[in-house]
Engineer: 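Sending over a structure as structure tokens; questions will come in a sec.
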Amino acid sequence: MLERTRNIGIAAHIDAGKTTLTERILFYTGMIHKIGEVHDGAATTDWMEQERERGITITSAAVTTEWWQRAEEGTVKLFPEQKQRINIIDTPGHVDFTAEVERSLRVLDGAIVVFDAVAGVQPQTETVWRQANKYHVPRLVFVNKMDRTGADFDNVVAEVKEKLGANAVRILIPIGAEDQLIGQIDVVNQKAVYFSDDDKFGSTYSVRELEGELKQIGEAAYEELVAAVTDIDEQLGEKFLLEEPFTLEELKQGIRRATIANKLIPVAGGSAFKNKGVQYLLDAVIDYLPSPLDIPAAVGMDPENEDHEIVVPTSDNEKFVSLAFKLWADKFVGKLVFFRVYSGVVKKGDTVYNPRTRRSERVGRLIRIQSNQHTDIDACYAGDIAAMVGIKNVTTGDTLAAEKHDVVLEPPTFPDPVISMA
Ligand code: GDP
């Protein structure tokens with residue numbers, strides 16, 4: 001499961017569409033999870049309304065969504081089609097919360113940065129971007145609101161390159177804009193997808209079958225992508241120089257390595273209102289953003305001796321070490337402590353130790369916040385995120401570890417430049 005788990009944040013300037021996108025991801029994956037496929041019209045709206053009334057989902061510190069990724073004809077999935085899990089960690093968008101954004105960046109492994117296709121790169125997003133650079137957080141860019149008047153995808157891509165200095169490459173190019181936003185070109189798979197009027201799944205074509213300008217755009221973007229990736233990634237670069245062919249899977253692995261190494265920013269354009277676009281964005285999250293296994297180990301230290309580093313490997317077979325990254329008062333459950341496990345396993349009923357307070361407390365309940373419910377779980381494993389109930393003496397940023405395991409976590413670092421794909 002860990003290989004198919006992603007801990008991500010969604011960062012955006014206020015109003016760019018972070019809430020809508022999060023809601024759509026929860027809605028879309030929730031529907032797939034529940035019914036096995038995307039449902040149509042009426043049912044989905046009801047479901048969304050219920051969600052809004054309960055108001056638990058997007059207002060939470062971290063929400064888990066699980067679904068089955070489906071391959072379409074002629075596409076390649078890097079991860080077997082089993083259950084995928086994305087934990088979405090809330091990163092406040094407002095500038096006053098900068099410190100909190102920094103803290104949550106340590107907990108997440110990757111991020112989607114959302115831009116408004118009309119407003120482009122805004123000053124506050126530059127701040128968040130720099131923080132993500134500081135912590136080496138791999139990112140995807142989503143250029144949202146392509147259906148708005150004045151939307152300009154290529155302009156935003158240019159701004160991402162110029163203002164943010166990012167090596168941005170287009171992986172999903174909107175077809176049309178404004179009220180003529182009719183689909184997307186999937187550059188990697190060389191597919192064009194047309195949204196259908198009722199926003200269910202549209203028709204898919206190979207780029208080769210397209211006509212005129214679109215075919216040119218799709219093919220040129222593919223060449224640009226290959227050039228960017230082969231430039232960065234040694235494995236693919238070598239093949240490219242020797243004019244050896246590489247497979248679609250190898251290309252995707254190359255994009256993945258380059259993105260995780262923070263040397264490439266895949267960019268998707270579309271609208272959070274379009275389910276199909278959301279699906280592609282999720283596929284990109286799974287394919288290109290790191291799993292907890294891509295971060296070999298967090299580094300902690302002995303609180304008695306700060307020079308003494310303690311390696312905290314991402315493995316279930318180690319002593320339990322986690323970071324409490326957010327406290328939350330839930331009116332039904334009480335005080336929730338959101339934590340990320342770096343090493344080991346925590347079970348309901350276990351006693352956890354806080355090196356700061358030097359006290360141990362018992363984990364009364366373990367809870368996973370999902371799009372439509374709180375679920376009690378028996379255990380939480382290395383790399384995953386959940387909430388504990390029953391821990392009182394804790395503040396945000398505390399390490400919670402196995403009893404008498406004296407270790408304090410430092411921010412995890414990201415490997416560079418070559419990532420093992422174990
Ligand atoms: P946040 O502040 O980043 O969380 O932004 P919201 O998700 O609340 O969105 C701000 C406004 O933009 C809301 O009125 C949304 O309905 C609207 N919005 C979000 N996504 C899109 C989109 O793709 N197209 C258009 N036209 N409007 C959008």
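Both backbone and side-chain heavy atoms feed into the values below; hydrogens, waters and symmetry mates do not. Each ligand, and each atom within it, is numbered from 1 in the order the structure gives.
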Engineer: Of the protein's non-hydrogen atoms, which lies at the shortest distance from atom 23 (O) of ligand 1, and what is that distance?
Structural biologist: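 Heavy-atom neighbour on the protein nearest atom 23 (O) of ligand 1: Ser271 OG, 2.7 Å.
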Engineer: Would you check the N or O atoms of Gly17, main chain and side chain alike, for any that come under 3.5 Å of an N or O of ligand 1?
Structural biologist: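 N/O-N/O distance below 3.5 Å exists for this pair.
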Engineer: Is Ala272 close to ligand 1, meaning an N/O of one under 3.5 Å from an N/O of the other?
Structural biologist: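 Yes: some nitrogen or oxygen of Ala272 is under 3.5 Å from one in ligand 1.
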Engineer: Is the shortest heavy-atom distance from the side chain of Arg170 to the side chain of Ile173 under 4.5 Å?
Structural biologist: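 Result yes, sub-4.5 Å side-chain heavy-atom pair found.
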Engineer: May I ask whether His13 has any heavy atom positioned less than 4.0 angstrom from an atom of ligand 1?
Structural biologist: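 His13 counts as a contact of ligand 1 under the 4.0 Å cut-off.
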Engineer: Would you check if Met146 and Phe153 make a side-chain contact, meaning some heavy-atom pair closer than 4.5 Å?
Structural biologist: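 A side-chain contact exists here, since the closest heavy-atom pair is under 4.5 Å.
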Engineer: I need the nearest protein heavy-atom contact for atom 19 (C) of ligand 1: residue, atom name and distance, please.
Structural biologist: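 Residue, atom and distance for the closest contact: Thr20 OG1, 3.3 Å.
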Engineer: For the residue pair Leu172 and Ile185, establish whether any side-chain heavy-atom pair is separated by less than 4.5 Å.
Structural biologist: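 Sidechains of Ile185 and Leu172: no contact.
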Engineer: Tell me, please, whether Phe79 has Arg6 positioned over its six-membered ring: NZ or CZ under 6.0 Å from the ring centre and within 45 degrees of its axis?
Structural biologist: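 Pair Arg6/Phe79 counts as cation-pi.
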Engineer: Between the side chains of Arg139 and Asn262, does any donor sit under 3.5 Å from an acceptor?
Structural biologist: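 Yes, Asn262 and Arg139 have a side-chain donor paired with an acceptor closer than 3.5 Å.
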Engineer: To which protein heavy atom is atom 16 (O) of ligand 1 closest, and what is the distance rounded to 0.1 Å?
Structural biologist: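 For this ligand atom, the closest protein heavy atom is Phe273 CZ, 3.7 Å.
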Engineer: Quick one: which ligand 1 atoms are inside 4.0 Å of a heavy atom on Lys18?
Structural biologist: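 Near Lys18, meaning under 4.0 Å from one of its heavy atoms, ligand 1 has 1 (P), 3 (O), 4 (O), 5 (O), 7 (O).
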Engineer: Would Tyr288 and Val188 count as a side chain to side chain contact (heavy atoms under 4.5 Å, CB included) if you check the C-alpha gap in whole Å, the side-chain angles of each, and the deciding distance to 0.1 Å?
Structural biologist: CA-CA 12 Å; Tyr288 307 131; Val188 184; 3.5 Å; yes
Engineer: When you measure from atom 18 (N) of ligand 1 to each heavy atom in Glu23, Arg24, Lys145, which option holds the nearest one?
Structural biologist: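 Ranked by closest heavy atom to atom 18 (N) of ligand 1, first place is Lys145.
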Engineer: Hey, is atom 5 (O) of ligand 1 under 4.0 Å from any protein heavy atom?
Structural biologist: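 Yes, at least one protein heavy atom sits under 4.0 Å from atom 5 (O) of ligand 1.
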Engineer: Pick one of side chain, backbone, both or neither for how Asp147 approaches ligand 1, counting any non-hydrogen atom pair under 4.0 Å.
Structural biologist: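 It is the side chain that touches ligand 1; the backbone stays farther off.
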Engineer: Counting only nitrogen or oxygen atoms and a 3.5 angstrom limit, does Arg148 reach ligand 1?
Structural biologist: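 Not met; the criterion fails.
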Engineer: How far is atom 2 (O) of ligand 1 from its nearest protein heavy atom, and which residue and atom name does that atom have?
Structural biologist: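 Scanning the protein heavy atoms, the shortest distance from atom 2 (O) of ligand 1 goes to Asp15 N, 2.7 Å.
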Engineer: Under 4.0 Å, heavy-atom basis, I'd like to know which part of Asn144 is in contact with ligand 1: side chain, backbone, both or neither.
Structural biologist: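 Side chain only.
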Engineer: Considering only heavy atoms from C-beta outward, does the side chain of Phe320 approach that of Tyr342 to under 4.5 Å?
Structural biologist: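 Answer no - side chains too far apart.
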Engineer: For Ile14, take its heavy atoms, then give the atoms of ligand 1 lying under 4.0 Å from any of them.
Structural biologist: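 Those of ligand 1 that fall under 4.0 Å from Ile14 are 2 (O).
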Engineer: Strictly by modelled atom types, are Asp384 and Asn87 linked by a side-chain donor-acceptor pair under 3.5 Å?
Structural biologist: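 Yes, a side-chain donor-acceptor pair sits under 3.5 Å.
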Engineer: Can you check whether a protein heavy atom sits less than 4.0 angstrom from atom 13 (C) of ligand 1?
Structural biologist: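 No, no protein heavy atom sits under 4.0 Å from atom 13 (C) of ligand 1.
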Engineer: So, do Phe115 and Val121 sit near enough that their side-chain heavy atoms are less than 4.5 Å apart?
Structural biologist: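 Yes, at least one pair of side-chain atoms sits under 4.5 Å.
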Engineer: Is it true that Glu249 and Lys77 make a salt bridge, defined as a side-chain N closer than 4.0 Å to a carboxylate O?
Structural biologist: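 Salt bridge absent between Glu249 and Lys77.
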Engineer: For Gly270, is at least one N or O under 3.5 Å away from an N or O on ligand 1?
Structural biologist: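 Among all N and O atoms of Gly270, none is under 3.5 Å from an N or O of ligand 1.
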